[in-house]
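Structure, as structure tokens:
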Amino acid sequence: MCSSDLLGLAEAGLLREVATGLALGQPPSARWPAPLRRELARRQWPPAVAPHLSGDPLPELLRLSLVRTPLFARGPWPARLADWHYRSHDLRLARRLGRRASDQLPRLFYGYEDSAAACLALARRRGLVTVLELPTLHSASVRRWQAEEAARHPEWRALLPALREPAWKLRRKAAELALADWIVVASSLTRDSCLEEIGRAHV
């Protein structure tokens with residue numbers, strides 16, 4: 001969900017909490033190094049949203065630090081660290097939500113693909129409406145199209161990342177979609193890819 005959408009919810013009094021990694025309610029200090037300021041500026045939220053921020057910064061800080069080292073900056077490591085970060089955030093948030101009394105929970109949980117499987121499952125068990133944001137095409141569509149390209153051009157296989165996604169990640173993506181009452185997409189192309197894959201699953 002973009003910051004303008006969150007701002008609208010906050011101004012309407014409908015926003016309970018925004019659980020994220022690095023959460024900034026004000027610009028980063030000018031005394032910090034320029035690369036760090038640029039990175040943190042991307043994580044700055046509007047003032048009306050800031051009171052609702054719930055940060056979990058340690059996993060994200062660790063990932064950002066490691067991917068800037070020679071050992072972890074290349075190869076599979078950036079993607080692996082991102083996956084670890086998203087799963088860690090999801091599990092920590094699900095445990096925190098699980099400890100809350102029913103009257104302390106929101107009525108709706110809104111999660112982002114690849115980082116919400118545990119929270120969506122917890123939200124469904126607790127009776128919340130579940131929403132998943134899918135920012136790109138359905139992963140099954142992407143894999144099928146990339147497999148077709150690899151069959152035509154085998155030399156391109158190493159450049160097609162969807163074909164290298166591990167089985168656990170594919171299961172996680174499928175679980176998130178299955179747990180969502182609503183799926184929010186950014187384009188008609190993404191919507192059509194979801195409808196196509198749903199149709200294939202019921203053939």
More than 12 foreign heavy atoms under 6.0 Å from CH2 of W145: is that the case here? yes
For S187 and T190, which I'm curious about, is there any donor-acceptor pair between the side chains at under 3.5 Å? yes
Carefully, step by step, assess L120 and R124 under the rule side chain to side chain contact (heavy atoms under 4.5 Å, CB included). CA-CA 6 Å; L120 287 167; R124 286 289 289 269; 5.6 Å; no
Applying the 4.5 Å side-chain criterion to the ILVMFWY set and letting contacts propagate, would L6 and W182 be lumped into a single cluster? yes
Salt bridge or not between E17 and R100? Use side-chain N to carboxylate O under 4.0 Å. yes
Cluster overlap F109 with L177, hydrophobic side-chain contacts below 4.5 Å: yes
Show the nearest heavy-atom pair for residues L163 and A147, with the distance to one decimal. CD2-N, 3.8 Å
Rounded to the nearest 0.5 Å, what separation is found between the CD atom of E11 and the CG atom of L7? 4.0 Å
Examine L14 and L105 and state if one hydrophobic cluster contains both, with Ile, Leu, Val, Met, Phe, Trp and Tyr joined whenever side-chain heavy atoms are less than 4.5 Å apart. no
Criterion side chain to side chain contact (heavy atoms under 4.5 Å, CB included) on R143 and L170, from CA distance to verdict: CA-CA 10 Å; R143 289 198 310 279; L170 301 179; 3.1 Å; yes
Any side-chain heavy-atom pair from L122 and R95 closer than 4.5 angstrom? no
Should T130 and L179 count as side-chain neighbours, where that means a heavy-atom distance under 4.5 Å? no
Do R172 and D90 touch side chain to side chain, with heavy atoms closer than 4.5 Å? yes
Work out which heavy atom in P59 is nearest to a heavy atom in D56; give both atom names and the distance. CD-O, 3.5 Å
Working to the nearest 0.5 angstrom, can you tell me the gap between E197 CD and D192 CG? 11.5 Å
Roughly how far, to the nearest 0.5 Å, is OG of S139 from CD of Q146? 11.0 Å
Please step through salt bridge (Lys or Arg N to Asp or Glu O under 4.0 Å) for the pair R157 and E149, ending with a clear verdict. CA-CA 8 Å; R157 176 172 285 273; E149 287 301 310; over 6 Å; no
Are the side chain of R164 and the backbone N or O of A158 linked by a donor-acceptor pair below 3.5 Å? yes
Within the 4.5 Å heavy-atom criterion, are S54 and T20 side-chain neighbours or not? no
Would you say the side chain of L62 lies within less than 4.5 Å of the side chain of L66, judging by non-hydrogen atoms? yes
With a cut-off of 6.0 Å (strictly less than), are more than 12 heavy atoms of other residues, nucleotides or ligands near CZ of R107? no
Within-4.5 Å side-chain heavy-atom neighbours: E165 and K173: yes
Does F72 reach the side chain of P78, with side-chain heavy atoms less than 4.5 Å apart? no
Cluster check Y110, L93: I/L/V/M/F/W/Y, side chain < 4.5 angstrom: no
Quick one: does S88's side chain have a donor or acceptor within less than 3.5 Å of a partner on W84's backbone? no
Would L134 and V184 count as a side chain to side chain contact (heavy atoms under 4.5 Å, CB included) here? Give the steps. CA-CA 6 Å; L134 192 64; V184 175; over 6 Å; no
If you look at every heavy atom in R126 and A101, which pair is closest and at what distance? NH2-C, 3.6 Å
Measure the spacing between CG of L22 and CH2 of W45 and express it to the nearest 0.5 Å. 11.5 Å
What about V18 and Y86, same hydrophobic cluster or not, with Ile/Leu/Val/Met/Phe/Trp/Tyr joined at side-chain heavy-atom distances under 4.5 Å? no
Has the side chain of H153 got a donor or acceptor atom that lies under 3.5 Å from a matching backbone atom of E155? no
Show, in sequence, the C-alpha distance, side-chain angles and deciding distance for V131 and D181, and conclude whether the side chain to side chain contact (heavy atoms under 4.5 Å, CB included) test is met. CA-CA 6 Å; V131 181; D181 295 317; over 6 Å; no
Note: E196-R144 ion pair, threshold 4.0 Å (strictly below): yes
Distance in Å, E113 CD paired with L132 CG, rounded so as to fall on 0.5 Å steps: 6.5 Å
Is the closest side-chain heavy-atom distance between W77 and V67 below 4.5 Å? no
In Å, rounded to the nearest 0.5 Å, how long is the span from CD of E176 to CD of E133? 12.0 Å
